Structure formats: C-alpha cells, structure tokens
Amino acid sequence: MAGLIEKYRDRLPFEEGDPVISLDEGATPLLYACELSERLGCEAWLKIEGANPTGSFKDRGMTCAVSGAVRDGSTAVVCASTGNTAASAAAYSARARITCAVIVPDGKIARGKLAQAVMHGARVIGLRGNFDQALKLVRELSDNHPIALVNSVNPLRIEGQKTAAFEIIEALGPDRPLDALAIPVGNAGNITAYWKGFTESAGELETMPKMLGFQAAGAAPLVLGHAVAEPETLASAIRIGDPARGDQALSAIEQSGGAINSVTDEQILEAYRFLASHDGVFCEPSSAASVAGLIVHGVPEGVERVVCVLTGHGLKDPETALEVGGGIIACEPELAAVEAAVWG
Ligand SMILES: *Cc1c(COP(=O)(O)O)cnc(C)c1O
C-alpha cells in the first residue's frame, strides 16, 4: 500500500477505482527535539515534512490535486510557485505523464527547487514579477483554458495536506495530547489544511490545539492586517504579500485560540542554525520560522506540548546554508596539518 490517498481514502474525496498518482508521500517522522524542548521549556516535537518524496509538504496536496486532475481528464496542470509547489507539481505530473507548467518569480527561488522542476521536465517560466502576480496570472490562465490549477486555492490540495494533522494525532497517541501547532504561513493553505484535519478529528481530541502561525517580518500581511505590495524575506517559500487563504487562516487561528506573529530574517536564521546544529535536523529557512516564532514570542500559557511543522528540507536551499553555516577549513594533505585542522 502506497501513499496517503490509499491510507486515508475514507477521509478523502476519492473513490475506490479512481486513478491515484502517488510517490508514496506522507508518513513523515514526528521527532522529539531534546535541545529545542530545553530551550523552550516545553515538549517540542518536529513534523519533518522534508522527508516527503520531493522534500516538502506540498507532496501531500499534490498527490490529491494531480490525481484529481487526471480523474477529471486534464492533460495539463499549472501553478504559481515560490519553488516547492513547482518541484512537487513537476514530479507528480511526470509520474502521471501529463504536461506541467510552473510560473516562478525569476531569480527568487532556491536552487534545489529549480533543479527539481527542470529535471522532472516541467515548463519552467521565470516571471519578472512576484508570487502574488504569478498566482493572479495562473488563475486567469486556468479560467480561460482547460488546464488544472494545482495551487492551494485548489480544494484537493487542502484535503491532502490535512492528513499531516491525522498523522500527528496518531503518532502522539491519546496519552500525549497536543496543545499547540507552530507553522510558517505563506499563502496560508497549510495552516488551513492542518486546522481542517484537527477539526475533522475533534472526536479523538480532548482539546483542540492552538494554531500558532508565523510570517516573515518583510512578508507579514496577516500580522499587519493588509496586503504587502512588495514582500521581502530570505525565507523565499513564504515571500507572499497577499495570501489566497488569509481569511481562513485567521479564522482557524481565532477558533483555536492561537495567534499570528512575525519573525525577522535574522531570527529565522538563528532558529535554522540551532535546529541543524543542536537537534540534527536540517530544514529550509522558511520552515525554521515556526521554531523562531516560539523562541521569539514564547510558548503560550498552558502549552506543554507543541509540534513545529518543518515544511521543507534544508537541501532545497544549499546557498543559504553555505552562507550562514560554518566555513570550510583548507588543509594540506599531511597528517600534522589534518590533526591541526581537526582539533583546531
Ligand atoms: C509552501 C511553503 C510554505 C508556506 O505554506 P502555505 O501553505 O503557502 O502557507 C512554508 N514553507 C515551505 C517550505 C513551503 O514550501
């Protein structure tokens, strides 16, 4: 049995016999983070979504969106993307043998994501504009042509992504209730999806987890209460000024008694390095916004157990890692030199 449609079919809008395009996504680790727990003063768990087939949570939504597109007879899909949606759409479209076009902000996406999209054979379009402009254009494109839109405005994306909430509940079990979920917020599809997953599981939960959303300070429309015309942050996956599911995100936050806050790029990078060097988990900068948010804004009163969603793998963005990580020690090929280099 492979993939989350097979596993959660009874809770997803797919019938027995519908086509399933899967790369065996989901079932990602939920890892206890010792060092982070100590620093936060509560139990901190990491939902490692970088362990999905293309290295981000987007695969959960994409297996559903592309399977749905194939079921409906589409022979092409399109998306606007800050990178990971493009990588995922490209991979699932290759698997489905359908055409994929991705529109990305030119020069503003991490190299690993671009490498994936081109390798999977997508038509990669570098837009001289930002994500918000790209999304507006693909919405118009799919209104006027028989091409399936696989951004998170597509309800099947939310359906697939809600399964991460099911997995967290299963992994923690009834004796370890989850008090809060910390998550980076860009276009706000993922926080919407988690809340849907938790809401659908309300019968298994004593209390609902607080949804703690975090945006980058330079791209924080939901914190500011208005769209940001020129969003700017090194966390390129959440460089979004006008989130498509902003209202739903805010209502999830309100219903759950959570909060939305922002973190600076510097705070994001500090959390990014801390996770990699202390808990052994390498995520991409945008993902570290969830951890930075807890470090900077503190864990809310009464929260004993929190899950941080690490949305994407660190290898997606090797350039940022090489810029902020430790340097490389040059060394002559002699034992004494190696000894000096190893022990400093
Ligand atoms: C897409 C993405 C996000 C933001 O998710 P939204 O659903 O747009 O809020 C965060 N982190 C990474 C790594 C992503 O790829």
Side-chain angles (χ1 to χ4, degrees), residues 28 46-52 54-62 65 79-91 102 104-105 108-110 112-114 116-117 131-132 134-135 150-155 157-162 164-165 181-197 211-216 219-223 231 233-250 252-253 260 262-263 268 271-272 275 281-293 308-317 320:
T28 57
L46 307 172
K47 183 64 172 158
I48 307 199
E49 289 293 278
N52 275 298
T54 77
S56 86
F57 74 84
K58 299 297 198 302
D59 294 344
R60 292 181 186 274
M62 206 54 74
C79 65
S81 178
T82 57
N84 282 329
T85 300
S88 186
V102 303
V104 299
K108 292 288 188 183
I109 78 167
K113 304 174 187 181
L114 201 54
Q116 289 177 291
F131 172 84
D132 302 289
L135 183 59
V150 295
N151 279 104
S152 61
V153 294
N154 180 332
R157 283 277 309 276
I158 304 302
E159 290 299 313
Q161 287 167 214
K162 77 183 180 187
L181 184 92
I183 182 169
V185 176
N187 212 25
N190 211 27
I191 190 170
T192 300
Y194 271 90
W195 183 241
K196 187 163 199 283
M211 305 298 283
L212 307 174
F214 297 103
Q215 298 200 291
L222 300 181
V223 180
T233 168
L234 66 76
S236 56
I238 52 173
R239 187 171 171 272
I240 293 176
D242 191 9
R245 291 192 184 266
D247 290 343
Q248 275 168 286
L250 291 175
I253 288 161
I260 180 97
S262 63
V263 281
I268 289 172
Y272 170 66
L275 274 178
V281 177
F282 184 26
C283 64
E284 64 172 283
S286 302
S287 310
S290 61
V291 172
C308 299
V309 182
L310 299 186
T311 45
H313 200 289
L315 287 173
K316 291 277 192 174
D317 186 359
T320 304

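Read the numbers this way: they start at 1 and go in the same order the structure lists the ligands and their atoms. The structure displayed is predicted, hence computed values, not measured ones.
Applying side chain to side chain contact (heavy atoms under 4.5 Å, CB included) to Gln215 and the options Ile238, Val263, Ile260 leaves one that passes, Ile260.
Ligand 1 has no nitrogen or oxygen under 3.5 angstrom from a nitrogen or oxygen of Ser152. Some N or O of Gly186 is nearer than 3.5 Å to an N or O of ligand 1, by distance alone. Looking at Ala188 next to ligand 1, an N or O pair under 3.5 Å apart turns up.
Not one N or O on the side chain of Arg245 forms a donor-acceptor pair closer than 3.5 Å with the backbone of Asn187. When atom types are taken as modelled, the side chain of Arg157 and the backbone of Ala65 share no donor-acceptor pair closer than 3.5 angstrom.
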Next item on the list: Could you give me the CA-CA distance, side-chain angles and deciding distance for Leu275 and Leu46, then say whether side-chain contact (heavy atoms from CB on, under 4.5 Å) is met?
Entry: CA-CA 10 Å; Leu275 274 178; Leu46 307 172; 4.0 Å; yes
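With respect to atom 7 (O) of ligand 1, the closest heavy atom belonging to the protein is Asn190 N, 2.8 Å. Counting protein heavy atoms only, atom 5 (O) of ligand 1 is closest to Phe57 CZ, 3.5 Å. Atom 11 (N) of ligand 1 has as its closest protein heavy atom Thr311 OG1, 2.7 Å.
Of all atoms in ligand 1, numbered sequentially from 1 with element shown, those under 4.0 Å from a heavy atom of Lys58 are 1 (C), 2 (C), 3 (C), 14 (C), 15 (O). Under a 4.0 Å criterion applied to the non-hydrogen atoms of Gly189, ligand 1 contributes the atoms 6 (P), 7 (O), 9 (O). Of all atoms in ligand 1, numbered sequentially from 1 with element shown, those under 4.0 Å from a heavy atom of Glu284 are 13 (C). Applying the 4.0 Å criterion to heavy atoms of Asn187 picks out, from ligand 1, the atoms 6 (P), 8 (O), 9 (O). Near Ile238, meaning under 4.0 Å from any of its heavy atoms, are these atoms of ligand 1: 3 (C), 4 (C), 10 (C).
Between His313 and Phe282, the ring planes lie perpendicular to each other; the angle is over 60°, past the 30° to 60° tilted range.
The residues Lys58 and Glu49 are annotated as not salt-bridged, no charged nitrogen and carboxylate oxygen being separated by less than 4.0 angstrom.
Of all non-hydrogen atoms in Ala237 and Glu284, the two that sit nearest each other are CB-OE1, 3.9 Å. In plain terms, the two heavy atoms of Ala87 and Lys316 that are nearest each other are CB-NZ, 4.0 Å.
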